[in-house]
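Residue numbers count from 1 along this sequence.
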Amino acid sequence: MNKMAANLAVSETARTIDALVTPALLLDRGRLERNIKGLAERARKLGVVLRPHMKTAKSIDVARYAFLHERGPITVSTIAEAEYFAGHGFRDMTYAVGISPASAKRAMELCRRTGADVKLLLDSVGQADALASVREATGMTPSVFIELDCDDHRGGLRPDDPKLLDVAGSVVAASAKLVGVLAHAGESYGLNTPDALVKAGENERSATVRAAEILRAHGHACPIVSVGSTPTAHFASNLEGVTELRAGVYMFFDLVQHGVGVCELDDIAISVLATVIGSKPEKGWVLVDAGWMALSRDRGTANQQIDQGYGVVCDEKGRVLEDVIVAQASQEHGILAIRAGSGKSMPELPLGTRVRILPNHACAMAAQHDFYSVVNGDSPKIEARWERMRGW
């Protein structure tokens, strides 16, 4: 058995975190449960269907937890995710990334094999025109959302763009089914006050509802009006005219969401367990065995009010070590240091000490790992091992 296989075998059979080979991805079940229940209750009060985005977790075990073992509607970000979740019995899925002809064909082939309903996303006449050949090749009628741009963040059409009706007409001409409109308020990630987030939520809602009204006025049914980002999902005060809400990172939360003001540090459900492997006292450094291969290169907090480096450092029980961050990261090394400008001193972290590192971006950190070691609070016990899928 090679070293990699041996290390994996150790982690697979570990019963406590001190037996894990580091770096290792931990998932706190209690925090996960609290986060999931919180947004589910909020969606219920707002009167909309919650369609969780599984791009963060990419795990059937997390999905089952989110739906209490039911197979509710989900959002996915890759066709591989759609295939994975279809293999576990999920049927109602939205592929919330603009299609290419190849991805649309692959999605419809999945629908044909499994009976799944994978709804597609597009924002151009060219994409819509391609659906005719997809339908002919697979024998399946694609269900389609038109993507809306509500805040100049990424792709999509403005609600008042004349091309909105052109795209809708092309969808119909391709004998596809226009099921609605979909928006993502991505610029909300750059905000940090409740008033601004409430305003972003209302802008997302009003823009999406306006587009649906325009389409309906021109004979398109547009039954689904879909909005969603984790910040606006938690701050929108009114979703009148909206039918469903999407969010994904809310299950785990992260330091970017903390900087936006959506969550507290003790809401963050995942972390990387790392081991101290050295120090340079003259520089105020402590070295750990988790670099960007374990934590990701994401520096999403760099432009926020507080730069968290490559992650906030906690002790082995998950208690935050004040002002200790991963200040630098190379492939397999992380350098812990006191945040610039702090008056704190580096705590004693002898060789072999275990620490937990909170993520800047939960999706990116989790993507570096093959499974979650599930824990609960400060207990060292590993309750379960949940695999996660990867790839496209």
*Asks:* Around atom CD of Gln305, are there more than 12 heavy atoms from other residues, nucleotides or ligands closer than 6.0 Å?
*Replies:*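 No, not enclosed.
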
*Asks:* Keeping the roles fixed (side chain from Asn192, backbone from Gly259), state whether a donor-acceptor pair exists under 3.5 Å.
*Replies:*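 A pair under 3.5 Å: no.
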
*Asks:* More than 12 heavy atoms of other residues, nucleotides or ligands under 6.0 Å from CD of Glu332: yes or no?
*Replies:*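 Buried by this count: over 12 neighbours within 6.0 Å.
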
*Asks:* Hey, are the side chains of Glu202 and Ser237 touching, using non-hydrogen atoms and a 4.5 Å cut-off?
*Replies:*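 Result no, sub-4.5 Å side-chain heavy-atom pair not found.
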
*Asks:* Apply side-chain hydrogen bond (donor to acceptor under 3.5 Å, both in side chains) to the pair Ser229 and Ser188, showing each step before the final yes or no.
*Replies:* CA-CA 8 Å; Ser229 73; Ser188 64; 3.2 Å; yes

*Asks:* Going through the distances and angles, do Glu81 and Ser77 end up as a side-chain hydrogen bond (donor to acceptor under 3.5 Å, both in side chains)?
*Replies:* CA-CA 7 Å; Glu81 282 175 57; Ser77 62; 2.5 Å; yes

*Asks:* Would you say that more than 12 heavy atoms from the other residues, nucleotides or ligands in this model lie under 6.0 Å from the CD1 of Ile306, or not?
*Replies:* no

*Asks:* Could you tell me how the ring of His153 sits relative to the ring of His184: parallel (under 30°), tilted (30 to 60°) or perpendicular (over 60°)?
*Replies:*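 Because their plane-to-plane angle is over 60°, the rings of His153 and His184 count as perpendicular.
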
*Asks:* Which of these, Asn35, Leu27, Leu32, Ile270, sits in a side chain to side chain contact (heavy atoms under 4.5 Å, CB included) with Met251?
*Replies:*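 The single option meeting the side chain to side chain contact (heavy atoms under 4.5 Å, CB included) with Met251 is Leu32.
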
*Asks:* Measure the acute angle between the ring planes of His234 and Tyr250, then classify it against the limits of 30° and 60° as parallel, tilted or perpendicular.
*Replies:* tilted

*Asks:* What pairs of residues pass the salt bridge (charged side-chain N to carboxylate O under 4.0 Å, His left out) test when at least one of them lies in residues 162-187, not counting sequence neighbours?
*Replies:*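 Found Asp161-Lys163.
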
*Asks:* Measure across Leu20 and Ala14 and return the closest heavy-atom pair with its distance rounded to 0.1 Å.
*Replies:*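 So the two residues come closest at CD2-CB, 3.8 Å.
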
*Asks:* With a 3.5 Å distance limit and no angle check, can you tell me whether Asn360 reaches the backbone of Asp298 through a side-chain donor-acceptor pair?
*Replies:*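 Side chain of Asn360 to backbone of Asp298, a donor-acceptor pair under 3.5 Å: yes, one is there.
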
*Asks:* Is any side-chain heavy atom of Met365 closer than 4.5 Å to one of Leu295?
*Replies:* yes

*Asks:* More than 12 heavy atoms of other residues, nucleotides or ligands under 6.0 Å from CG of Asp18: yes or no?
*Replies:*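 Above 12, so yes.
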
*Asks:* Considering all heavy atoms of both residues, which atom of Gly248 and which atom of Thr56 are nearest to each other, and what is their separation?
*Replies:*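 Shortest heavy-atom separation between Gly248 and Thr56 comes out as C-OG1, 3.6 Å.
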
*Asks:* Determine, stepwise, if the pair Gln127 / Ser124 fulfils side-chain hydrogen bond (donor to acceptor under 3.5 Å, both in side chains).
*Replies:* CA-CA 5 Å; Gln127 288 169 305; Ser124 71; 3.1 Å; yes

*Asks:* Check the pair Val97, Val76 against side chain to side chain contact (heavy atoms under 4.5 Å, CB included), reporting the backbone distance first and the verdict last.
*Replies:* CA-CA 8 Å; Val97 174; Val76 297; over 6 Å; no

*Asks:* Under a 4.0 Å threshold between the charged nitrogen and the carboxylate oxygen, would Arg216 count as salt-bridged to Glu213?
*Replies:* no

*Asks:* Taking all non-hydrogen atoms of both residues into account, name the closest pair between Met346 and Leu336 and its distance.
*Replies:*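 Scanning both residues, the minimum pair turns out to be CE-O, 3.4 Å.
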
*Asks:* Quick one: does any side-chain atom of Arg71 pair with a main-chain N or O of Asp92 as donor and acceptor, under 3.5 Å?
*Replies:*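 Judged by distance alone, no pair lies under 3.5 Å.
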
*Asks:* Taking NZ, NE, NH1 and NH2 as the nitrogens, is one of them in Glu41 or Lys37 under 4.0 Å from a carboxylate oxygen of the other?
*Replies:*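 No salt bridge links Glu41 with Lys37.
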
*Asks:* Sorted by first residue and then second, give each salt bridge (charged side-chain N to carboxylate O under 4.0 Å, His left out) pair with at least one member in residues 242-262; sequence neighbours left out.
*Replies:* Arg51-Glu244

*Asks:* Quick one: does any side-chain atom of Arg15 pair with a main-chain N or O of Lys381 as donor and acceptor, under 3.5 Å?
*Replies:* no

*Asks:* Counting C-beta onward and ignoring hydrogens, is there a side-chain heavy-atom pair between Glu83 and Arg106 closer than 4.5 Å?
*Replies:*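 Touching, per the 4.5 Å side-chain cut-off.
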
*Asks:* Could you pull out the closest heavy-atom pair between Pro73 and Leu50, with the gap in Å?
*Replies:* CG-O, 4.0 Å

*Asks:* Salt-bridged, Asp266 to Arg31, with N to O below 4.0 Å?
*Replies:*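 Salt bridge absent between Asp266 and Arg31.
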
*Asks:* Under 3.5 Å, is there a donor-acceptor pair between the side chain of Thr301 and the main chain of Gln308?
*Replies:* yes

*Asks:* On a heavy-atom basis, which atom in Gly180 and which in Cys222 lie closest, and how many Å separate them?
*Replies:* CA-SG, 3.7 Å

*Asks:* Do the side chain of Arg339 and the main chain of Asp307 share a donor and acceptor less than 3.5 angstrom apart?
*Replies:*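 Pair found, side chain donor or acceptor close to backbone of Asp307.
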
*Asks:* Looking at every non-hydrogen atom in both residues, tell me the closest pair between Pro347 and Leu321 and how far apart they are.
*Replies:* CG-CD1, 4.3 Å

*Asks:* Any chance CD of Glu136 has more than 12 other-residue heavy atoms, nucleotides or ligands included, within less than 6.0 Å?
*Replies:* no

*Asks:* Between Arg205 and Gly241 (side chain of the first, backbone of the second, donor and acceptor by atom type, cut-off under 3.5 Å), is there such a pair?
*Replies:* no

*Asks:* Check whether NZ of the Lys or CZ of the Arg Arg299 lies under 6.0 Å from the centre of the six-membered ring of Tyr310 and within 45 degrees of that ring's axis.
*Replies:*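 Yes, a cation-pi geometry.
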
*Asks:* Inspect the contact between Asp123 and Arg158 and indicate whether a charged nitrogen and a carboxylate oxygen are less than 4.0 angstrom apart.
*Replies:* no

